[in-house]
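One structure below.
Just so we're on the same page: letters track the sequence lines, and every chain starts at 1.
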Amino acid sequence: MNEALMQAFGQVFTPEVLLAIVFAAIYGVFMGAVPGLSATMAVALFVPVTYWMGPVPAVAAIVTMSACAIFAGDIPTTLLRIPGTPASAAYVDDAYSYTLRGQSDHALGVALLWSVAGGLFGALVLMLLGHQLANIAAYFGVAEYFWLYLLGLSSAIVVSRGSVIKGMLSLFIGLLLATVGLSSVHTAARFTFGQPELFQGIDFIAAMIGLFGLSEVLRILMDLERTDSAGHLTPPARSQPVSDYVRRYLIHPVVSLFRPALHLLRMRTGHWVRSSAIGSLIGILPGAGADIASWVSIGASQRFSKDPDAYGRGSLEGLADATAANSSALAGTWIPALVFGIPGDSITAIAMGVLLMKNMDPGPAIFEEQPVFVYSLYMAFILANLVLIPVGFLAIKAGGFVVRVPRRVLLPIILLFCVIGAYAIKGSYFDVGIMLGMGLLGFALERRQVPLGPLVLGIILGGPLEARFIQTLTVSGGSPLAFFNRPAAALLGMACIALWMATAVMKMKQNWKKDRKELVAAEESE
Amino acid sequence: MPRLIAPSTKRRSLAGKYGTFKPILVIAAISCLVVGCKEQETFPSRPITLICPWSAGGGTDQVARQIAMQLEHTLGVPVNVLNATGGAGVTGHTRGAQANPDGYTITMITSELNMLHWRGMTNISYLDYEPLMQVNRDYAAVFVRADAPWSSLQELEQAIRARPGTLTASGTAFGGVWHVSMVGWLLKSGFSADAVTWIPMDGSAPSLQELMAGGLDFVVCSLPEARSLLEAGAIRTLGVMAEERLARYPGVPTFKEHGIEWTSGTWRGLAVPKGIPEERAEVLTNALRQVVAGDAYMDFLQAAGFGSAALPRQEFAAFLEQENEAYGEVFASDAFQAVTSQRYGPWLFPAVVIGLMAVTIAVLLGSGALRVHDEAQEVTARGAFRVGIAVGAIILYMLVAEQAGYVLSAALLLAVLFWTFKVKWYVAAGVVLVLVPLTYQVFAVYLRVGLPWGWLGW
């Protein structure tokens, strides 16, 4: 074993670092679980603390809290239908449907275990292939990003429940909302009507809290009487009474949470590899992160699934694949930071700032000059995912109390959290107003069975999509060939168009079958 | 205190028989006991908000958080950084300028303050601010790939002269600080503003990546932003737009040495809205002077690679005025106007989206699929009433929170809803009493979310 590796072991397995990791895990889970507080915010708030820490514990803590926050976003997603982080928005309805059936533990167990599995895969990719894969970014010019974003948006339509055309409507509303405010390419104001508040645009976190969380509260309020018989959001499933306390309170919850998830992992190892690989690859690209990874992976997952119709209604497979992808994307974002010194997202940007303060320069030289640190970082990634298992388990159990609170008491509290969450993003009442407006919009759209997922992704990706579109045209002087004339762009473009064609063909087949059935039924009745 | 009692007594007549006014009175009383409703005599006596117009994790945010931390030590009250992001800096600078001039809202102003109003994006300019101190300055520099054919600024200028309009550069969006820096240089050297094609990118990091990928010929950004690539030898710098060579990069020539009379770069400084009482501005300035001169701040700048600057009030004000005029000339030049009126304008993308949306809606309307679905629940009068109350409660919160403060407004929001849902009063009181102070403590105190302060003084 080489010396640097041994030194790294010595640096990581110290009480200071381990303690930092445990505390960071708890902190990260909390920040991720509260809507409106993001992993980025968690890390930014943590920076002043790092001044008194060595580089290894500081970075280990940052890695741990971001990994834990990404998983923790799944907890309010599942229990309350409020995505804690944008990465969870891809499978909101899949996860929430389990809570409605009283099986929230089932969905959360899968989310936890697949997050850990995805995170570990991502860590392995970072360790073994980081150097080679970093060069992928060099193939990614503006046209490639354009297709990647389009692929993510198309997946969002394909996997959402209901008709494709309604999904498209939802997406276009989202894209249009994304153009409110200042265009990032032109720095020109659009749809602002001279209001300074509108310059900041529609914040997607506020929109997400409103579209999913508030609209669900409103829906329940609409007929509180009819659905109120139990008085709970879900009837908590009562298991068989177990006399032995250890078994009842310790072994049974652990087994019941992890067994189905483990079973799923064993049955679908290949899917785990595919989803995590998609996540890692997307994570490597600066400007694409956990959220796009979720959507693309769930889109791919549906292609390979035996039960594609369940997606958007309660597909455990989709949930599993998306959580694996968003967690593995996290390690991916570190690859360009380490190899080029270019941060892959805002979290790695902050982490790089911290490293610079410790007189360590991330960048090509770090592998030769600071191998011990690099190995320590690798280990931190593995430890972060391992510590997530117990901490995540406790968080799920703590979250379980939420669904036992009577609805009449719980709904006002959720409403208050929607308000604080929207306000916390940047301390603006305008965002609270956006949350409210989006809640009403979501409520109205859901009554018409228009899916909301594409709308959220449209708001998130509208800006970048437009930027790449305009940039590609500017570089090429207006020739549409620019979207296809590089190999990677052509490949992604073709994948995107193939997805559209496949969906169109599938829908046509379905319609044809339905027509035939109706025809047969009509003939029989005659 | 009389203002505190008022909303509660109003609730009494409204909520009479349900008795939910009780939690409000109880919480008001207890909160008052807990915090003691202290008088505000000395400045500062409550948390200060430091508005940062840029997002968490960026360079400005790092400087803002560092300053906030040091200010906390000096002033003895919490200083919370608020990332009022969006609109290329318009949001934060507007909010900072329009804040209450009581000294409890400070803004970290950046060079964009002198640019946004020239582009007609806001009416806010340096005239709306009382500057306190400039705390950092980073100059623009020109970067090329290590294998680029140009070894000096002259050679690059020759290439531009030989093939005007074919070289591409970036560093930020159109009209951003690095774009203006480049255009200013081109104009000073006698080129037209479009002699180099500016590709709008989202910032220096993606621009540098695009430079490495071969999509750009050079990048204009600050030295610290390109530090790791520079030190790794992947890129070279041809010159920096500073007054004199930088102590940290003595090998980098200035533009002035090449005979180009142009300096440009970003800066960051602290300012308060005009109209602040002079003695409060003095308190803040004195505290800032200590912070900026302190070793901790110097070490931070040194370690993070930011350029130091400590312009006191008068000099900072003079600097703002002078730079504002210099940028005004660049923005007003015909050449720049020509560059910014682009072919693929800001309305192209919305037009495409609206077109596609119109088609989609037409198809949906044609097939009748946009009707309320059969499975959707019925709208009952009671249901609609509850939804109305919920929406009204949120609007009420938005209206009163800034005045009354988080604790009272949140209690009010919960009380209204509990009353509507007919929750037993002791359950409601218990939840309000535990939840409201707890959320305030966690969000405002531990997580530094600036929840509104209000009448209770908490």
Side-chain angles (χ1 to χ4, degrees), chain A residues 40-41 44 47-48 138 141 165 168-169 172 175-176 179 181-190 196 199-201 218 221-223 286 341-343 346 349-350 353 356-357 359 361-365 408-409 412 415-416 419-420 424 426-427 429 432 436 447-449 466 470-471 473-475, chain B residues 56-57 62 65 69 82-88 90-91 94 121 173-175 199-200 202 205-206 208-209 213 215 228-229 231-232 303-305 344 346 349-350 353 356-357 360 363-364 370 372-373 376-377 383 386-387 390 394 397-398 410 413-414 417-418 421 423 427 431 443 448-450:
Chain A
T40 312
M41 225 167 178
V47 168
I165 191 113
M168 283 165 69
L169 174 67
F172 295 141
L175 290 177
L176 198 61
T179 63
L182 209 63
S183 144
S184 67
V185 220
H186 310 91
T187 23
R190 293 182 302 204
F199 268 83
Q200 68 196 45
L218 298 182
L221 284 183
M222 203 41 119
D223 50 6
I342 295 175
S346 47
I350 303 176
L356 288 173
M357 310 266 278
N359 284 321
D361 282 341
R408 286 165 187 275
V409 178
L415 219 60
L416 179 66
V419 171
I420 309 180
K426 43 185 181 271
Y429 291 99
V432 180
L436 183 59
R447 288 177 68 78
R448 286 158 182 80
Q449 291 209 326
E466 177 186 7
I470 300 287
Q471 283 158 359
L473 286 178
T474 313
V475 173
Chain B
Q62 283 176 35
R65 283 179 198 276
M69 198 175 65
L82 177 87
N83 297 98
T85 54
V90 171
T91 308
T94 309
M121 281 155 49
F174 271 112
I199 309 293
D202 313 327
L208 288 167
Q209 199 222 322
S228 30
L229 284 176
E231 286 174 5
Y344 308 102
F349 185 77
V353 173
L356 289 170
M357 194 157 104
T360 318
V363 171
L364 281 171
L370 262 194
V372 172
H373 198 260
Q377 71 233 108
R386 277 190 299 262
V387 168
I394 295 177
Y397 176 92
M398 287 162 67
L413 173 87
L414 287 178
L417 292 170
F418 283 145
F421 303 160
V423 176
V427 176
V431 172
F443 279 88
R448 301 301 184 81
V449 173

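- Within the 3.5 Å criterion, the main-chain N or O of Val423(B) finds no donor-acceptor partner in the side chain of Arg408(A).
- When every heavy atom of Leu176(A) is checked against every heavy atom of Pro350(B), the shortest pair comes out as CD1-O, 4.2 Å.
- The side-chain contact (heavy atoms from CB on, under 4.5 Å) test applied to Ala424(A) returns Leu37(A), Val449(B), not counting sequence neighbours.
- Minimum heavy-atom separation, Arg386(B) to Met222(A): NH2-O, 3.7 Å.
- Listed options Leu208(B), Val431(B), Ile199(B), Ile394(B) were ranked by heavy-atom pairs under 4.5 angstrom with chain A; first place goes to Ile394(B).
- Ranked by heavy-atom pairs under 4.5 Å with chain B, the list Leu221(A), Val419(A), Leu415(A) is led by Leu221(A).
- Looking at Leu169(A), both its backbone and its side chain come within 4.5 Å of chain B, counting heavy atoms on both sides.
- The contact between Met357(B) and chain A is made by backbone and side chain atoms together, counting heavy-atom distances below 4.5 Å.
- Applying the salt bridge (Lys or Arg N to Asp or Glu O under 4.0 Å) test to Arg190(A) and every residue at least two apart in sequence or in another chain returns Glu466(A).
- Rounding to the nearest 0.5 Å places CG of Leu175(A) at 5.0 Å from CZ of Phe349(B).
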After noting the C-alpha distance and the side-chain angles of Phe421(B) and Val409(A), does the key distance pass the side-chain contact (heavy atoms from CB on, under 4.5 Å) rule?
CA-CA 8 Å; Phe421(B) 303 160; Val409(A) 178; over 6 Å; no
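- Note that CD1 of Ile420(A) and CZ of Phe443(B) are 5.0 Å apart. Values are rounded to the nearest 0.5 Å.
- Residue with the most contacts toward chain A among Val427(B), Leu413(B), Leu364(B): Leu364(B) (heavy-atom pairs, distance under 4.5 Å).
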